[in-house]
Amino acid sequence: MESIYQLMREYLKNSGIKAHEAGNGRLLFSVNGLNFVFDASDKDPNFLRLALPQINREGIQVDNFNQQIHQLNQNYKVAKIVRVSDGTLWIFADAFVYSVDNLDPLFVRLIQVLTDMINEYRTIENDGNGTFQAQ
């Protein structure tokens with residue numbers, strides 16, 4: 001049975017997306033100008049994590065957006081915006097996979113969810129006062 005890591009590498013290659021191996025089950029790749037981090041671990045062969053790192057612009061006071069970030073987390077459910085130890089915001093989507101058959105649709109969906117979520121976050125950040133703008 002192929003690992004989730006191998007299947008993600010294969011999916012990216014077949015999709016024409018160049019991935020960089022960063023070791024320890026980590027792949028770095030870009031889609032539509034967004035830099036993704038994919039993690040899979042031998043310690044738990046059923047777990048995967050897809051992330052968009054450091055989504056907040058430098059100098060933005062993210063504390064002003066806590067309520068809106070909480071609302072985004074509630075709306076998206078499978079993805080969460082999290083403040084990591086260096087104070088930046090990351091978006092994480094975690095999944096447990098118990099069958100490696102037809103994982104491509106899951107990969108596509110996770111990339112789309114993170115893309116949608118960062119676009120909504122950027123709307124909040126660009127507005128400047130922590131409120132959603134009409135789209």
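What you see is a predicted model, and the numbers here were worked out from it, not measured in a lab.
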- Check Gln74, Gln67, Gln68 against His70 for a side-chain contact (heavy atoms from CB on, under 4.5 Å) and give me the one that passes. Gln74

- Query: Does Ile118 reach the side chain of Ile91, with side-chain heavy atoms less than 4.5 Å apart?
  - Reply: yes

- Task: Treating Ile, Leu, Val, Met, Phe, Trp and Tyr as nodes and any side-chain heavy-atom pair under 4.5 angstrom as an edge, say whether Val37 and Ile17 lie in one connected cluster.
- Result: no

- Task: Name all residues meeting the salt bridge (Lys or Arg N to Asp or Glu O under 4.0 Å) criterion together with Arg122; count only those two or more places apart in sequence or in a different chain, and write none if there are none.
- Result: none

- Inter-residue atom distance Leu50.CG - Phe36.CZ, 0.5 Å rounding: 6.0 Å

- Task: Please report the closest heavy-atom contact between Val113 and Ala79, naming both atoms and the distance.
- Result: CG1-CB, 3.8 Å

- Partners meeting salt bridge (Lys or Arg N to Asp or Glu O under 4.0 Å) with Glu21 (sequence neighbours left out): Arg9

- Which residues satisfy the side-chain hydrogen bond (donor to acceptor under 3.5 Å, both in side chains) test with Tyr76, sequence neighbours excluded? Glu120

- Message: If I take atom OG from residue Ser41 and atom CG from residue Leu48, how far apart are they, to the nearest 0.5 angstrom?
- Response: 11.5 Å

- Query: Which value, rounded to the nearest 0.5 Å, describes the distance between Ile124 atom CD1 and Ile81 atom CD1?
  - Reply: 6.5 Å

- Note on the structure: The side-chain hydrogen bond (donor to acceptor under 3.5 Å, both in side chains) partners of Asp94 (sequence neighbours excluded) come to Arg49

- Note on the structure: Residues pairing under salt bridge (charged side-chain N to carboxylate O under 4.0 Å, His left out) where one sits in residues 71-83, two or more places apart or in two chains, turn out to be Asp63-Arg83

- Item | All side-chain contact (heavy atoms from CB on, under 4.5 Å) counterparts of Val84, not counting sequence neighbours | Asp86, Thr88, Trp90, Phe92

- Between Met117 and Asn73, is any pair of side-chain heavy atoms under 4.5 Å apart? yes

- Task: Dump the intermediate steps for side chain to side chain contact (heavy atoms under 4.5 Å, CB included) on Thr115 and Asn119, then the final yes or no.
- Result: CA-CA 6 Å; Thr115 300; Asn119 287 335; 3.9 Å; yes

- Task: Sequence neighbours left out, what passes side-chain contact (heavy atoms from CB on, under 4.5 Å) with Asp44? Give chain and number order.
- Result: Asn46, Phe47, Phe96

- Query: What's the shortest heavy-atom distance between Glu125 and Asn56, and which atoms?
  - Reply: OE2-CA, 3.3 Å

Show which side-chain atoms of residues 97-109 pair as donor or acceptor with protein atoms under 3.5 Å away, not counting sequence neighbours.
residue	atom	partner	partner atom	Å
Ser99	OG	Asp101	N	3.3

- Determine whether more than 12 heavy atoms belonging to other residues, nucleotides or ligands lie under 6.0 Å from atom CD of Gln112. yes

- Residue pair Ile111, Phe38: steps toward the side chain to side chain contact (heavy atoms under 4.5 Å, CB included) verdict: CA-CA 10 Å; Ile111 290 168; Phe38 173 84; over 6 Å; no

Donor-acceptor contacts under 3.5 Å from residues 25-35 side chains, at least two apart:
residue	atom	partner	partner atom	Å
Arg26	NE	Asp39	OD1	3.0
Arg26	NH2	Asp39	OD2	3.1
Ser30	OG	Asn35	OD1	2.5

- Note on the structure: The side-chain contact (heavy atoms from CB on, under 4.5 Å) partners of Glu10 (sequence neighbours excluded) come to Glu2, Asn14

- Indicate, with yes or no, if Val78 and Ile69 share a hydrophobic cluster defined by side-chain heavy-atom contacts under 4.5 Å among Ile, Leu, Val, Met, Phe, Trp and Tyr. yes

